[in-house]
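Every heavy atom of this structure was used, including side-chain atoms; hydrogens, water molecules and symmetry mates were not. Treat the numbers as computed from the prediction; the structure is a model and nothing was measured. Per chain, numbering begins at 1; letters A, B, ... match sequence-line order.
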There are 2 protein chains.
Amino acid sequence: MARPFIPKPTDSELEILRILWDRGPSSVRDVHMELEKSKTSGYTTTLKLMQIMLEKGILTRDVSGRNHVYTPTLSRDRTQQQMVDKMISTVFNGSPFMLVMQALGRQRPSPEEINRIKSYLNELEKDRKDRPQEGKKK
Amino acid sequence: MARPFIPKPTDSELEILRILWDRGPSSVRDVHMELEKSKTSGYTTTLKLMQIMLEKGILTRDVSGRNHVYTPTLSRDRTQQQMVDKMISTVFNGSPFMLVMQALGRQRPSPEEINRIKSYLNELEKDRKDRPQEGKKK
DNA sequence: TTGTAGTTACGAATACATTCGTATATTTGT
DNA sequence: ACAAATATACGAATGTATTCGTAACTACAA
């Protein structure tokens with residue numbers, strides 16, 4: 001049941017993951033009610049998708065109760081990492097920098113966000129000077 | 001032949017696009033020779049894929065010469081925009097800021113890149129003060 | 001206990017992606 | 001002009017994603 005690696009989720013599967021990340025562990029019914037707001041497919045379709053995601057190792061489930069409760073195997077953060085990495089290597093020629101510039105250009109960040117990015121950049125600089133080799137801080 | 005909209009490229013199609021963006025307009029032979037370095041599939045597979053991409057409107061081609069020469073319909077930059085937008089809305093809860101932070105955390109940017117990001121942020125701030133409504137500058 | 005509502009399991013239809021074999025067409029060297 | 005080499009076009013097999021109908025199961029109320 002433990003898989004060698006978890007395959008990349010499809011677009012439909014990502015919609016379900018998004019709901020589970022937002023809501024926390026949920027039943028098929030819960031997910032489907034949320035999904036209905038943007039899609040027209042039926043309940044058994046949602047069920048089947050989640051069963052397949054279970055097979056793939058994308059979800060785990062708790063079978064003990066009245067109805068099954070599903071949870072994503074990977075955190076949103078972890079999945080973001082994987083997708084960003086893949087995107088950088090395929091579309092951005094391996095340059096995270098280009099992705100950052102592109103994302104900044106998409107929608108203007110708020111003044112507060114700008115400041116948070118700046119202070120993060122400062123930390124990176126400081127870090128680099130302090131410990132040219134290591135990666136960790138604090 | 002003009003399509004209402006160009007569909008999102010698949011992973012295989014992205015590999016071909018990457019080559020075309022790097023090389024510029026190319027024949028199937030050119031693309032396939034490049035593709036062979038990382039894949040094992042045959043020449044006619046590459047051909048078929050590029051024909052399908054033509055059908056979808058992802059590529060255009062020049063048929064006048066000895067062999068057909070294909071060109072991406074959308075620039076790398078334009079495609080990057082679309083993919084970044086989609087990613088932000090599906091995985092990053094609609095927040096470009098989160099994507100920026102994630103990308104910065106992936107691989108340490110060089111000091112020069114840090115400076116370029118900073119000066120771009122400064123421009124954004126300046127822009128905002130000068131013209132709180134408009135988007136364009138210069 | 002039996003029916004009803006709500007659930008999960010399963011099989012199958014459809015659509016799209018990927019792959020290749022083979023047929024057809026075109027260029028070029030002799 | 002002909003053969004060999006190289007191109008494109010086409011059809012079909014295979015695999016995966018998406019969808020749903022229907023069967024089987026479960027809890028609960030009457």
Among [options], which is the nearest nucleotide to the side chain of [X]?
| X | options | answer |
| --- | --- | --- |
| B:Thr44 | D:dT19, D:dA9, C:dT19 | D:dA9 |
| A:Thr10 | D:dT18, D:dT8, D:dA7 | D:dT18 |
| B:Asn67 | D:dA7, C:dT19, C:dA9 | D:dA7 |
| A:Arg29 | C:dT18, C:dA9, C:dT7 | C:dT7 |
| B:Val28 | C:dA9, D:dT8, D:dC20 | D:dT8 |

Length of the [atom1]-[atom2] vector between [X] and [N], whole Å:
| X | N | atom1 | atom2 | value |
| --- | --- | --- | --- | --- |
| A:Ile52 | D:dT16 | CD1 | C1' | 9 Å |
| A:Leu54 | C:dT8 | CG | P | 12 Å |
| B:Asp62 | D:dA7 | CG | C1' | 15 Å |
| A:Leu47 | C:dG6 | CG | C1' | 12 Å |
| A:Leu49 | C:dC10 | CG | P | 17 Å |

- Message: Both A:Lys48 and B:Tyr70 contact DNA chain D. Which one's nearest nucleotide lies toward the 5' end?
- Response: B:Tyr70
- Side-chain donor or acceptor of A:Asn93 paired with backbone N/O of A:Ser95 under 3.5 Å: no
- Report yes if at least one side-chain N or O of B:Lys56 is closer than 4.0 Å to OP1 or OP2 of C:dA17; otherwise report no. yes
- Query: Reckon A:Tyr43 has a side-chain N or O less than 4.0 Å from the OP1 or OP2 of C:dG6?
  - Reply: no
- Select base, sugar-phosphate, or nothing to describe what A:Gln51 touches, counting heavy atoms under 4.0 Å on all strands. base
- Indicate, with a heavy-atom threshold strictly under 4.0 Å, whether B:Thr45 touches base, sugar-phosphate, or nothing. base
Charged N to carboxylate O under 4.0 angstrom, [X] versus [Y]?
| X | Y | value |
| --- | --- | --- |
| A:Glu125 | B:Lys118 | yes |
| B:Lys8 | B:Glu13 | no |
| B:Lys37 | B:Glu34 | yes |

- Can a cation-pi geometry be assigned to A:Arg29 and A:Tyr43, taking NZ or CZ under 6.0 Å from the six-membered ring centre and within 45° of the ring axis? yes
- Would you kindly say whether A:Asp62 and A:Ser64 are connected by a side-chain donor-acceptor distance under 3.5 Å? yes
- Would you check if there is a donor-acceptor pair between the side chains of A:Thr79 and A:Arg76 at a distance under 3.5 Å? no
Enumerate all atom pairs, one protein N or O and one N or O from nucleotides 24-30 of chain C, separated by less than 3.5 Å.
none

